[in-house]
Trainee: 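Take this structure first; my questions come after.
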Number of protein chains: 2
Amino acid sequence: MDIEKVFNDFEEELARIRSKANHIIIVTNDGTVLHSTTDATTTRTIAGLVCNLLTSLANSAVRDVDPTDELKYMRIATKTYEVLVAPDKDFTLVAVI
Amino acid sequence: MDIEKVFNDFEEELARIRSKANHIIIVTNDGTVLHSTTDATTTRTIAGLVCNLLTSLANSAVRDVDPTDELKYMRIATKTYEVLVAPDKDFTLVAVI
């Protein structure tokens with residue numbers, strides 16, 4: 001595996017998403033923040049609540065309806081912003097737009 | 001208030017949403033199902049999990065970030081379907097597409 005290429009692809013993808021989002025947060029599924037473009041307080045609140053609780057709960061809700069199914073993403077819209085949550089095997093990408 | 005007009009408007013709106021969704025579930029915020037176009041098991045699972053737990057949790061997550069803010073809607077996409085959850089003061093509309 002060409003680590004440099006993987007890293008460049010990742011940076012490009014992040015820049016693409018960043019061009020459309022106000023903030024990006026990447027957090028592991030146990031809540032460790034890998035990357036964030038917003039302040040620590042907002043990061044901790046969103047990472048803790050949106051990622052851990054909401055994602056795990058949505059995943060179990062999806063499996064309750066159909067055990068073979070899988071959560072792909074969630075979009076949470078409030079009066080002032082939208083949060084896109086894309087859970088993956090090891091981490092969750094959160095874009096605040 | 002012209003009850004018949006309110007009822008007709010409601011039926012029209014439901015038909016409009018129904019034309020775009022596979023199923024519609026309307027549930028009060030304490031979990032009582034007012035209307036459903038899907039089977040009882042799926043209705044109970046979605047009403048119970050998606051509406052009560054997810055909505056209340058998303059609402060508190062939103063308020064934690066900004067107490068003046070408010071959850072407008074959630075969109076949950078899985079491999080096989082999408083659920084749109086629109087919470088309101090007294091009830092929550094869920095469209096499965």
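Predicted model only: the values in this text are computed from it and were never measured. Letters A, B, ... are given to chains in the order of the sequence lines, protein chains preceding strands, and every chain is numbered from 1.
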Trainee: With side chain to side chain contact (heavy atoms under 4.5 Å, CB included) as the criterion, how do B:Ile76 and A:Tyr73 come out once you've worked through the C-alpha distance, each side chain's angles and the decisive distance to 0.1 Å?
Mentor: CA-CA 6 Å; B:Ile76 298 154; A:Tyr73 73 83; over 6 Å; no
Trainee: Report the distance from atom OG1 of A:Thr78 to atom CG of B:Leu71, rounding to the nearest 0.5 Å.
Mentor: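 Spacing of OG1 (A:Thr78) from CG (B:Leu71) equals 8.0 Å.
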Trainee: Identify which part of A:Thr68 has an atom lying under 4.5 Å from any heavy atom of chain B, answering side chain, backbone, both or neither.
Mentor: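 Contact with chain B: backbone only.
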Trainee: Take atom OH of B:Tyr81 as the centre, draw a 6.0 Å sphere, and report whether it contains more than 12 heavy atoms from other residues, nucleotides or ligands.
Mentor: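 More than 12 within 6.0 Å, yes.
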Trainee: Would you say B:Ile97 and B:Val94 are hydrophobically clustered, going by side-chain heavy atoms of ILVMFWY under 4.5 Å?
Mentor: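 Different hydrophobic clusters.
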Trainee: If you round to the nearest 0.5 Å, how far is NZ of B:Lys72 from OG1 of A:Thr80?
Mentor: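 Here the interatomic distance stands at 11.0 Å.
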Trainee: Would a single hydrophobic cluster contain both A:Leu84 and A:Ile25, if residues Ile, Leu, Val, Met, Phe, Trp and Tyr are joined by side-chain heavy-atom contacts under 4.5 Å?
Mentor: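 In one cluster with A:Ile25: A:Leu84, no.
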Trainee: What's the spacing between B:Arg75 CZ and A:Met74 CE if we round to 0.5 Å?
Mentor: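 The distance works out to 14.0 Å.
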